[in-house]
Amino acid sequence: MPELPEVQTVVTTLRPLIVGRVIAGVNLLRTDIVRPGGVDLPSRLLGRRIRAVDRRGKRILITLDDRGRFYVHLGMTGQLTVESPEAAVRPHTHLVLEFGESACLRFRDPRRFGGVFWIGADSDAATGLGPEPLDLKPSDLATRLAKTRRAVKNALLDQRVVAGLGNIYVDEALFEARVHPLALACELTPEEVRRLNSAIKKVLRRAIRHRGSTLRDYMDAEGAAGEAQKLHRVYGSEGKPCRSCGSPVQRIVLGGRSTHFCPSCQMRARVRRAKRRLSGRAPGP
DNA sequence: GTCCATGTTCTTTA
DNA sequence: CTAAAGAACATGGA
């Protein structure tokens, strides 16, 4: 579930609940969710006060009062919630931080694609990540896309290109920008890159305003589901009429992932030129 | 039983 | 050698 809007929503709901609190107990129920493998997480957390909660890409970064840091990655099914210690511990809960009588922080993740990553005080929390899409300038995006011959959809899913997009919001952004997912990243026109840059921000901001998309597992730190799934235009809408032109939304598999788009609104530039020729209309400027 | 799933990383191929 | 495609990871729901 967790792409940038979901992770941002977890961070903003989590922050006021845990910043300033002292970790009075650590219960690590599965050690293999901690990375790197050898780190003794409980001893690094016990007795520490939480100083900050931030987001970088899809990483939830937690800073302690001794400058030690770790991040939680939610993978596909991860949840990070603040609950009463009295509340039943659900299956697949892997880590619990106790703050006292009133609250505890629980990390659960059935598929275990996520994890808890200790990074210490000095190493870079953003290693392997490209820039934040909400700060991205069209020229930055253009430079990055120009470096690869992959399909633009695959390039945008690569966290080293831009950090935070996933399968849902890439499809939504490409639709908003009217760019075909199979278009080669390095062959987009400057105008298409500009539209794509704006579309990414628009789609992400709108999803954040609606507290992220809940399709199945996603919830914020208070256990609340998001509403942004109601705004999806193409994701999960195979066969439904395009909101813009009415053509059926198509689903293809790209890089092993479902990819949804409108074949009429998101025509590849080359195909669009050919169709104009066939229909005898004058070519555009 | 089958297929599918909001992600990342390791392996194989070109 | 590098870039890109594919497989693998683990669990649950339709």
Side-chain angles (χ1 to χ4, degrees), chain A residues 1-11 29-37 55-60 71-80 90-94 107-117 126-130 133 144-175 181-187 200 203-204 206-208 210-220 224-239 251-260:
Chain A
M1 343 212 78
E3 302 182 30
L4 188 153
E6 291 74 40
V7 176
Q8 181 62 50
T9 305
V10 170
V11 165
L29 295 100
R30 263 200 91 108
T31 56
D32 62 0
I33 56 120
V34 178
R35 276 170 280 175
R55 181 190 60 75
R56 184 68 176 86
K58 299 173 189 172
R59 300 173 181 175
I60 299 165
Y71 69 84
V72 176
H73 198 295
L74 299 176
M76 290 276 246
T77 55
Q79 299 170 338
L80 198 56
R90 304 180 63 193
H92 308 293
T93 298
H94 307 313
F107 171 60
R108 80 180 281 268
D109 181 14
R111 286 173 76 178
R112 303 205 305 283
F113 287 176
V116 178
F117 298 72
T127 300
L129 298 182
R144 292 177 167 268
L145 294 179
K147 289 178 182 166
T148 179
R149 289 192 59 77
R150 295 138 95 194
V152 61
K153 158 114 189 198
N154 288 337
L156 290 175
L157 283 175
D158 186 339
Q159 303 299 296
R160 295 168 302 187
V161 175
V162 175
L165 294 171
N167 206 35
I168 294 174
Y169 298 110
V170 166
D171 280 7
E172 294 298 320
L174 288 169
F175 174 73
L182 285 174
L184 297 193
C186 58
E187 290 183 353
I200 288 169
V203 162
L204 292 179
R206 189 166 52 181
I208 290 170
H210 291 79
R211 306 171 60 81
S213 301
T214 295
L215 300 187
R216 181 186 220 85
D217 303 286
Y218 168 72
M219 58 175 65
D220 68 18
E227 304 289 338
Q229 66 280 1
K230 295 172 181 169
L231 307 171
H232 297 171
R233 301 284 196 259
V234 286
Y235 184 85
S237 301
E238 180 184 14
R251 173 182 173 275
I252 60 175
V253 174
L254 216 169
R257 319 293 302 275
S258 276
T259 297
H260 312 75

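Chain letters run A, B, ... following the sequence lines, proteins first and then strands; every chain starts at 1.
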Separation of A:Met76 atom CE from B:dC4 atom C1', in whole Å? 10 Å

Distance check needed: C:dA10 P versus A:Arg111 CZ, whole Å only. 11 Å

Canonical and wobble pairing (Watson-Crick, G-U, under 3.5 Å) of DNA chain C, dot-bracket with |: .||||||||.||||

Any residue meeting side chain to side chain contact (heavy atoms under 4.5 Å, CB included) with A:Arg55, in chain and number order, not counting sequence neighbours: A:Leu4, A:Val7, A:Gln8, A:Val11, A:Glu132

Do A:Val170 and A:Val152 have side-chain heavy atoms sitting under 4.5 Å apart? no

Look at A:Arg216 and C:dG13 and indicate whether a side-chain polar atom (N or O) is within less than 4.0 Å of OP1 or OP2. no

Within this structure, what is the OG1-CG distance for the pair A:Thr93 and A:Leu29, rounded to the nearest 0.5 Å? 7.0 Å

Sequence neighbours excluded, the answer for side-chain hydrogen bond (donor to acceptor under 3.5 Å, both in side chains) partners of A:Glu227 is A:Lys230

Mind checking side chain to side chain contact (heavy atoms under 4.5 Å, CB included) for A:Glu187 and listing every partner two or more places apart, or none if nothing turns up? A:Arg149, A:Leu184, A:Arg270

Taking only side-chain N and O atoms of A:His92, does any of them lie within less than 4.0 angstrom of OP1 or OP2 on C:dA10? no

Atom-to-atom span, CG of A:Asp32 to P of C:dC9 - whole angstrom: 14 Å

Reading nucleotides 8-14 of chain B 5' to 3', which nucleotides get B (base under 4.0 Å from a protein heavy atom), which S (sugar-phosphate only), which -? B------

P gap between B:dT9 and C:dC1, integer Å: 23 Å

A:Lys147 NZ to A:Arg160 CZ distance, which is reported to the nearest 0.5 Å: 12.0 Å

So which nucleotide from B:dC4, C:dG12, B:dG7 ends up closest to the side chain of A:Arg251? B:dC4

side-chain hydrogen bond (donor to acceptor under 3.5 Å, both in side chains) against A:Lys153, all qualifying residues, sequence neighbours excluded: A:Asn167, A:Asp171, A:Thr259

Provide, to the nearest angstrom, the distance between the CG atom belonging to A:Asp217 and the C1' atom belonging to B:dC4. 13 Å

Between A:Asp109 (CG) and C:dC9 (P), how many Å, whole number? 17 Å

Over how many whole Å does the gap from A:Leu74 atom CG to B:dA5 atom C1' extend? 16 Å

Could you list the residues that satisfy side chain to side chain contact (heavy atoms under 4.5 Å, CB included) with A:Ala146, not counting sequence neighbours? none

Separation of C:dA10 P from A:Ile33 CD1 (nearest whole Å): 15 Å

Apply ring pair (Phe, Tyr, Trp, His ring centres under 6.0 Å) to A:Tyr235 and list each qualifying residue two or more places apart in sequence or on a separate chain. A:His232, A:His260

Between N or O atoms, less than 3.5 Å apart, protein on one side and nucleotides 1-7 of chain C on the other: list the pairs.
residue: C:dA4; atom: OP1; partner: A:Thr148; partner atom: OG1; Å: 3.0
residue: C:dA4; atom: OP1; partner: A:Arg149; partner atom: N; Å: 2.8
residue: C:dA4; atom: OP2; partner: A:Thr148; partner atom: OG1; Å: 3.1

Taking only the P atom of each, what is the distance from B:dC3 to C:dA7 in whole angstrom? 14 Å

Can you list the residues that meet the side chain to side chain contact (heavy atoms under 4.5 Å, CB included) rule with A:Phe117, with sequence neighbours excluded? A:Arg35, A:Tyr71, A:His73

Any residue meeting salt bridge (Lys or Arg N to Asp or Glu O under 4.0 Å) with A:Arg150, in chain and number order, not counting sequence neighbours: A:Asp158

Checking A:Arg111 now: which residues fulfil side-chain hydrogen bond (donor to acceptor under 3.5 Å, both in side chains) with it, not counting sequence neighbours? none

